[in-house]
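Index from 1, following the sequence. Quantities reported herein were computed from a predicted structural model and do not represent experimental measurements.
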Amino acid sequence: PDSGQMTDFSSILIVGERGMLAHAFREVLAGRGMAVTGGDLPQLDITDASHVAAWFDRVRPTLVINCAAYTNVDGCEKPDSPAVAVNGLAVGTLAREARRLGATLVHFSTDYVFDGTLRRPLKPDDPVAPQSAYGRSKLLGEQELQRADPPGWLLIRTAWLYGPNGSNFPQAMLSAAKAGKPLRVVDDQIGSPTYTLDLAQATLDLLQQGASGIWHVSNAGQTSWFGFAKAIFQEFGIAPVSLEPITSEQWKQIKPDSAIRPSYSVFDLSPLERLLARPMPSWQDALRRYRAALGKG
């Protein structure tokens, strides 16, 4: 990670504007009095270089926030998945266009670029070894961005993302519980659930500090998917019919086509918290605010 030159916020383009993370950015940017232009399919197809070039020429962005991604982790395992095109090669297209116009590009990657064997909080320069097609496609995106090297690029790895305006783990748990389905949830994968609004706030704070390079951003603290599920039901005051912890191995027997996820992918947030001069909110605090945000919706 690095910090230096201030970012130019005069013309902001959000790519993938209809997605869950883009919604959070729109809300946070509006709260800071910043206007944005957004593009998404079918008008803006990031796998089509001519589309991207035309958008960049029209908007003339000084800052591009790429929220577009193919995030169906298990779907990425299928041979006809668009993961490599969307999560990998298209990032290179965006990065080359950003370089051509002298724009800063912010791109988001994932804890799934790690193999989960390092049992300590992960630093940006720790060795990567993705175990899933999704993780490999996101790593390709990281490499494409660094190869194109647009000015002041910012690559943020995040984890276990959820928020309003999108499909996510809390919604899947709540829907299953309301439908009266018994739930078996993996209890031996440890990570940090991350709230989209906290990720958007931290990203913009990093940009305002002139940060560039690779940063790890998540909510603070750690839990398992099972622990997260228990906390969701407690927070929303819903009792599932049954909630049972299982191992990754048992899950793989139930869903043989599912992707392999890292068993441990907690981030070292100390560089981030030092630069921002504040701790990241805990995942429990974020979950409370998520429930409150849904209540207002």
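Residues Lys252 and Glu249 are not paired through a salt bridge, judged by the lack of any N-O separation under 4.0 Å between the basic side chain and the carboxylate. A salt bridge links Glu17 to Arg26: one of the charged nitrogens lies within less than 4.0 Å of a carboxylate oxygen.
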What pairs of donor and acceptor atoms, side-chain ones from residues 232-244 against any protein atom, are under 3.5 angstrom apart with sequence neighbours left out?
| from | atom 1 | to | atom 2 | distance (Å) |
| --- | --- | --- | --- | --- |
| Glu235 | OE2 | Arg291 | NE | 2.6 |
| Glu235 | OE2 | Arg291 | NH2 | 3.1 |

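The salt bridge (charged side-chain N to carboxylate O under 4.0 Å, His left out) pairs that include a residue from residues 31-50 are Arg32-Asp205, where partners are two or more places apart or lie in different chains. Applying the salt bridge (charged side-chain N to carboxylate O under 4.0 Å, His left out) definition to pairs two or more places apart or across chains, none involves residues 161-186. Counting only residues at least two apart or on different chains, the ring pair (Phe, Tyr, Trp, His ring centres under 6.0 Å) pairs with a member in residues 5-59 are Phe25-Phe108.
Summarising the local packing, NZ of Lys123 is surrounded by 12 or fewer heavy atoms from other residues, nucleotides or ligands at distances under 6.0 Å.
Other cluster members for Val84: Leu89, Leu140, joined by side-chain heavy-atom distances under 4.5 Å among Ile, Leu, Val, Met, Phe, Trp and Tyr.
Applying the salt bridge (charged side-chain N to carboxylate O under 4.0 Å, His left out) test to Arg136 and every residue at least two apart in sequence or in another chain returns nothing.
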Which is it for Asp187 and Ser224 under the side chain to side chain donor-acceptor pair (under 3.5 Å) test, yes or no, and what are the steps along the way? CA-CA 5 Å; Asp187 197 26; Ser224 68; 2.6 Å; yes

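The two residues Leu101 and Pro61 have their closest heavy-atom pair at CD1-CD, 3.9 Å.
Among the candidates Thr203, Leu206, Leu269, the single residue satisfying the side-chain contact (heavy atoms from CB on, under 4.5 Å) test with Val217 is Leu206.
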